[in-house]
Amino acid sequence: MDTQFVRERITQLRLQKGVSEYQMSYDLGHSRSYVYNISSGKSLPPMGEFLQICDYFHITPSQFFDDSSENPALLQTAIEELKKLDDDDLVLIISTVRRLSKA
């Protein structure tokens, strides 16, 4: 992983969320050029800001760096909903997912 990955991943997640660089900068409490500077390679966010960016996208830092998932925010939502289920419901969901993945 390199700085290019971080820039591209932020751009990917921002586009999936459907927000502009300006809007994301504003939402994070920064000047309008904050996200542009990250995307263009002029700067990288410090660790605290990186964690805020992950929160902004509703993902964990681990999900940020896991490029095997195209939409980690959607996956995180599914995980949060699954946590609310009891064991019987989880078994049912797992069998349904397995059936669907065979199709």
Side-chain angles (χ1 to χ4, degrees):
M1 305 253 164
D2 58 14
T3 58
Q4 181 72 19
F5 174 85
V6 173
R7 292 192 307 267
E8 290 174 358
R9 186 67 162 167
I10 289 173
T11 299
Q12 174 195 18
L13 295 169
R14 179 182 60 75
L15 292 173
Q16 284 176 347
K17 189 172 175 107
V19 296
S20 66
E21 289 177 342
Y22 169 76
Q23 183 62 51
M24 183 176 166
S25 296
Y26 178 76
D27 292 345
L28 292 171
H30 291 281
S31 69
R32 67 182 310 152
S33 61
Y34 177 71
V35 174
Y36 170 78
N37 288 337
I38 294 170
S39 298
S40 67
K42 292 181 181 179
S43 66
L44 283 175
M47 182 58 71
E49 293 291 328
F50 169 73
L51 295 174
Q52 287 181 348
I53 289 170
C54 289
D55 285 344
Y56 180 76
F57 292 123
H58 306 291
I59 60 172
T60 65
S62 177
Q63 289 169 323
F64 180 91
F65 289 107
D66 180 5
D67 61 355
S68 66
S69 174
E70 290 185 29
N71 195 335
L74 188 59
L75 183 58
Q76 181 63 28
T77 300
I79 291 168
E80 292 302 319
E81 292 301 317
L82 288 170
K83 288 179 181 179
K84 298 174 186 176
L85 302 177
D86 63 25
D87 287 351
D88 290 336
D89 289 338
L90 284 172
V91 169
L92 179 62
I93 295 293
I94 290 168
S95 67
T96 302
V97 169
R98 286 180 177 155
R99 183 178 55 81
L100 291 171
S101 64
K102 290 180 183 178

Is there side-chain contact between [X] and [Y], with heavy atoms separated by less than 4.5 Å?
X	Y	value
V91	S95	no
Q63	S69	no
L51	P61	yes
V6	F64	yes

Open item on the list: When you measure from the centre of the six-membered ring of Y36, is the NZ or CZ of K42 closer than 6.0 Å and no more than 45° off the axis?
Closed with: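 No; the conditions do not both hold, so K42 does not lie above the ring face of Y36.
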TODO: Go through the structure and list residues passing side chain to side chain contact (heavy atoms under 4.5 Å, CB included) with Q12, not counting sequence neighbours.
DONE: R9, Q16
TODO: Using ring pair (Phe, Tyr, Trp, His ring centres under 6.0 Å) as the criterion, list what pairs up with F57, not counting sequence neighbours.
DONE: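 Expected list: none.
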TODO: Taking ring pair (Phe, Tyr, Trp, His ring centres under 6.0 Å) as the test, write out the residues that go with H58, two or more places apart.
DONE: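 Partners of H58 under the ring pair (Phe, Tyr, Trp, His ring centres under 6.0 Å) test: none.
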- [ ] Rounded to the nearest 0.5 Å, what's the gap from OG1 on T77 to CG on N71? Could you check?
- [x]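 So the OG1 of T77 and the CG of N71 are separated by 8.5 Å.
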Open item on the list: Determine whether a donor-acceptor pair (N or O, by modelled atom type, separation under 3.5 Å) exists between the side chain of K17 and the backbone of Y56.
Closed with: yes
TODO: Using the side chain to side chain contact (heavy atoms under 4.5 Å, CB included) rule, take Y26 and Y34 through it: C-alpha gap first, then chi angles, then the decisive distance, then the call.
DONE: CA-CA 9 Å; Y26 178 76; Y34 177 71; over 6 Å; no
Task: Flag if over 12 foreign heavy atoms under 6.0 Å of CD, E70 - done: no
Task: Atom CG of D87 with >12 non-hydrogen neighbours under 6.0 angstrom - done: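 Count not over threshold, so no.
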Open item on the list: One pair to check against side chain to side chain contact (heavy atoms under 4.5 Å, CB included): Q23 and R14. What are the steps and the verdict?
Closed with: CA-CA 10 Å; Q23 183 62 51; R14 179 182 60 75; over 6 Å; no
Task: Nearest non-hydrogen partners of T3 and L44, listed with the distance - done: CG2-CD1, 3.1 Å
Task: Passing candidate, side chain to side chain contact (heavy atoms under 4.5 Å, CB included) with M24, options I38, V19, L13 - done: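 Exactly one option meets the side chain to side chain contact (heavy atoms under 4.5 Å, CB included) with M24, and it is V19.
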